[in-house]
Amino acid sequence: MLNLKFIQDNPELVIAKLKRKHFDAAGIVNQITELYRQKNQLQNKADQGKAEMNKISGEVGLLMRQGKKEEAEIAKTRTAEIKESIKQFDIDFAAIEEQVYQLQVQLPNLPADLVPDGRGAADNLVVKSGGEIPALPEKALPHWDLAAKYNIIDFELGVKLTGAGFPVYRGKGAQLQRALINFFLAEASKAGYEEIQPPLMVNEASGFGTGQLPDKEGQMYHATIDNLYLIPTAEVPVTNIYRDVILEARDLPMKNTAYSACFRREAGSYGKDVRGLNRLHQFDKVEIVQIAHPDKSYETLEDMVKHVTTLVEKLELPYRILRLCGGDMSFTSALTYDFEVFSAAQKMWLEVSSVSNFESFQANRLKLRYRDEATKKPQLAHTLNGSALALPRIVAALLENNQTAEGIKIPEVLVPYCGFEVIC
RNA sequence: GGUGAGGUGGGUGAGUGGCUAAAACCAGCAGUUUGCUAAACUGCCGUACGGGAAACUGUACCGCGGGUUCGAAUCCCGCCCUCACCGCCA
């Protein structure tokens with residue numbers, strides 16, 4: 001959520017920037033600035049009234065202690081009217097605050113200057129690519145057929161146990177999962193991220209803090225009896241560590257990594273690229289999160305992009321990095337880089353990571369601040385996160401790209417983690 | 001699931017109607033002293049929203065919401081959460 005004062009002070013800038021996200025903010029921004037004015041007027045009136053009440057109460061207390069009961073009674077008679085007017089001011093004030101808030105949450109984050117113009121996926125800018133797309137033999141199989149052939153992932157069994165989108169990994173398939181998780185965590189630790197093992201369920205306050213609630217409620221599994229939500233990403237619990245926290249500037253950046261299973265209902269996405277591992281209800285992911293000083297957050301973003309780049313390179317996967325255009329970015333992001341790997345049998349680019357700077361958009365909602373060293377005042381920090389990496393599509397690409405007549409070759413870097421070199 | 005206790009500032013914890021934004025201690029910050037470290041001493045040490053060029057100042061906040069009262073951290077009602085013990089159990 002954008003900062004209210006910032007909107008108030010820079011209405012034209014907000015409107016102009018949001019145009020690049022193809023969001024017409026003029027109406028909302030104008031309403032906000034008008035309501036803000038009204039809000040301040042009301043607050044002034046209410047505060048004056050309350051100050052008067054406090055004064056009278058003080059006087060009454062003094063008179064009572066002096067035993068001047070009659071004078072105290074006289075003072076009391078003055079309060080009824082003031083009290084009534086305060087009550088009304090407070091009601092109006094709360095109503096306006098609520099209106100402002102409802103408008104405020106409708107505004108997406110402002111895109112950074114680097115964000116390319118464009119409406120959709122076709123307009124994203126490829127900023128880097130690497131690796132080589134392998135030339136597969138004629139009879140190359142898609143990963144779901146390879147999974148069955150080598151008996152490493154059982155989609156049917158998952159349907160029996162739970163439902164579609166909950167595959168069962170077995171044998172070397174399960175070991176490969178574990179190897180990838182350990183590899184990703186080890187790399188993150190090496191890069192200075194503190195490892196976190198978070199809860200896989202969160203409460204409402206956490207869901208709200210990172211913006212899944214109230215708007216995207218339908219995307220999370222909800223255990224209604226206990227009112228807990230299964231996390232769609234470790235970003236939720238890890239970022240919420242810093243909810244309502246004021247950090248010292250010298251402690252920034254905070255760097256955390258976490259492996260977690262991720263649960264997504266994916267309501268409404270049925271039928272689109274859902275075969276095999278392409279889109280699941282439960283999947284594994286290692287996430288990296290940083291809390292950065294506002295002056296440093298774009299350096300931090302570059303740093304995170306580099307980290308993810310080394311991962312796909314070490315896995316020897318053909319990849320490309322996209323800088324998302326205004327129309328394709330998420331509501332909350334200021335700048336996002338998507339990582340895609342090429343899955344050679346499907347002949348498709350698959351998104352395996354999304355690394356974003358949210359600037360203070362998330363922090364404002366989380367009340368995540370740091371103490372400015374010069375002014376000693378709390379300021380909103382910047383939050384960033386990225387996948388490093390999401391497993392299923394990595395596995396899909398690994399299986400498809402590395403298939404040979406002798407079996408599936410494991411990338412060298414993973415062999416120590418797997419304990420085998422080939423799946424056959 | 002049963003029973004009991006409790007939610008106060010970064011932490012411990014005092015406060016049961018006005019003199020309490022809230023004692024005391026610890027941590028933290030600045031300084032004095034000291035050959036260094038340490039210790040001792042002195043001062044500072046909440047957040048948000050308003051007003052003000054600023055100094056400064058108004059209001060709100062003691063889990064959340066409501067109520068009683070001239071006045072509520074303190075009394076009443078509802079909700080949420082935490083802890084302890086017992087039972088069950090990985």
Side-chain angles (χ1 to χ4, degrees), chain A residues 1-9 32-101 103-104 197 199-209 213-214 222-229 237 240-252 254 261 291 360 363-381:
Chain A
M1 147 174 104
L2 292 175
N3 185 266
L4 196 54
K5 220 172 219 166
F6 182 82
I7 300 171
Q8 183 66 18
D9 293 342
I32 287 177
T33 50
E34 174 54 29
L35 287 168
Y36 190 85
R37 221 189 330 274
Q38 293 178 28
K39 180 177 87 85
N40 287 352
Q41 278 177 13
L42 275 170
Q43 182 174 350
N44 279 330
K45 288 183 190 164
D47 283 359
Q48 269 175 36
K50 286 174 186 175
E52 180 67 15
M53 281 295 285
N54 287 341
K55 203 173 138 231
I56 294 173
S57 295
E59 286 168 9
V60 171
L62 193 69
L63 291 169
M64 297 290 265
R65 260 172 284 128
Q66 292 172 347
K68 298 177 182 168
K69 272 205 167 165
E70 276 130 59
E71 285 177 55
E73 287 306 318
I74 293 166
K76 281 188 195 177
T77 58
R78 289 193 284 147
T79 60
E81 199 185 329
I82 305 171
K83 226 172 151 180
E84 259 328 289
S85 67
I86 292 173
K87 213 171 209 171
Q88 193 53 48
F89 286 139
D90 277 347
I91 291 168
D92 295 345
F93 183 81
I96 286 183
E97 266 203 323
E98 174 63 19
Q99 280 182 59
V100 169
Y101 176 75
L103 292 165
Q104 198 184 351
Q197 207 175 96
L200 302 182
M201 302 184 98
V202 292
N203 57 26
E204 256 181 302
S206 294
F208 180 83
L213 296 175
H222 187 193
T224 52
I225 293 178
D226 297 298
N227 198 26
L228 294 173
Y229 295 86
N240 271 284
I241 291 172
Y242 302 99
R243 169 155 49 88
D244 293 320
V245 166
I246 301 176
L247 297 160
E248 292 302 326
R250 61 167 176 269
D251 293 334
L252 299 175
M254 305 297 294
I291 314 296
S360 60
N364 194 28
R365 205 181 248 240
L366 286 163
K367 295 195 174 59
L368 192 190
R369 291 160 294 176
Y370 71 97
R371 196 171 295 281
D372 185 82
E373 277 177 323
T375 66
K376 307 283 182 205
K377 291 280 168 218
Q379 301 283 330
L380 292 173

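Just so we're on the same page: letters track the sequence lines, and every chain starts at 1.
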If I take atom CZ in residue A:Arg371 and atom P in nucleotide B:G9, what distance separates them, rounded to the nearest angstrom? 15 Å

If we take the P atom in both B:A72 and B:C83, what is their distance in whole Å? 33 Å

On a heavy-atom basis, the closest approach of A:Tyr229 and A:Leu213 is CE1-CD1, 3.7 Å

Expressed as a whole number of Å, how far does the P atom of B:A23 sit from that of B:G18? 16 Å

Watson-Crick or G-U wobble mate for B:G58, both contacts under 3.5 Å: B:C49

Heavy-atom closest contact (A:Leu42 atom, A:Phe93 atom, distance): CD1-N, 3.9 Å

Distance, C1' atom - from B:G52 to B:G46, rounded to whole angstrom: 23 Å

Nearest-Å distance for atom pair OH/C1', residues A:Tyr36 and B:G50: 8 Å

Under a 3.5 Å cutoff, is there a donor and acceptor pairing between the side chains of A:Glu52 and A:Gln48? no

Taking only the C1' atom of each, what is the distance from B:C41 to B:C79 in whole angstrom? 50 Å

Less than 4.5 Å apart, any side-chain heavy atom of A:Lys50 and any of A:Asp90? yes

Separation between the P atoms of B:G17 and B:A73, rounded to whole Å: 13 Å

In whole Å, what separates the C1' atom of B:A24 from that of B:G13? 8 Å

Look at the side chain of A:Asn40 and decide which nucleotide, out of B:G18, B:A48, B:G50, has an atom nearest to it. B:G50

Sidechain-backbone polar pair: A:Asn364 side chain, A:Leu2 backbone, donor-acceptor under 3.5 Å: yes

A:Asp226 atom CG is separated from B:C80 atom C1', nearest whole Å, by 14 Å

I'd like to check A:Lys367 versus A:Val245 (side-chain heavy atoms, cut-off strictly below 4.5 Å). Are they in contact? no

Quick one: label A:Lys39 by what it contacts on the DNA or RNA (base, sugar-phosphate, nothing), any heavy atom closer than 4.0 Å. sugar-phosphate

Separation between the P atoms of B:A14 and B:C75, rounded to whole Å: 15 Å

For the pair made of CD in A:Glu248 and P in B:G46, what is the distance, rounded to whole Å? 13 Å

Who are the side chain to side chain donor-acceptor pair (under 3.5 Å) partners of A:Glu59, not counting sequence neighbours? A:Arg78

What residues 75-89 of chain A contributes to the RNA chain B interface at heavy-atom separation below 4.0 Å is A:Lys76, A:Thr79, A:Lys83

When rounded to the nearest Å, what value does the distance between C1' atoms of B:C61 and B:U8 take? 12 Å

Which letters describe nucleotides 53-66 of chain B, given B = protein heavy atom under 4.0 Å from base, S = only from sugar-phosphate, - = neither? -----BSS------

Can you check whether A:Ile246's main-chain N or O pairs, donor with acceptor, with A:Arg371's side chain at less than 3.5 Å? no

If we only count heavy atoms from C-beta on, is the A:Leu228 to A:Asn203 side-chain gap below 4.5 Å? yes

At 4.0 Å (heavy atoms only), tell me whether A:Lys367 reaches a base, stays on the sugar-phosphate, or touches nothing. nothing

Counting C-beta onward and ignoring hydrogens, is there a side-chain heavy-atom pair between A:Tyr36 and A:Ile7 closer than 4.5 Å? no

What is the distance, to the nearest angstrom, from the CG atom on A:Asn203 to the P atom on B:U82? 9 Å

Let me know the distance between CD of A:Glu73 and C1' of B:G71, rounded to the nearest Å. 13 Å

Just the rounded figure in Å: distance from P of B:G71 to CG of A:Leu62. 17 Å

Would you mind reading off the distance between A:Leu35 atom CG and B:C49 atom P, rounded to a whole angstrom? 17 Å

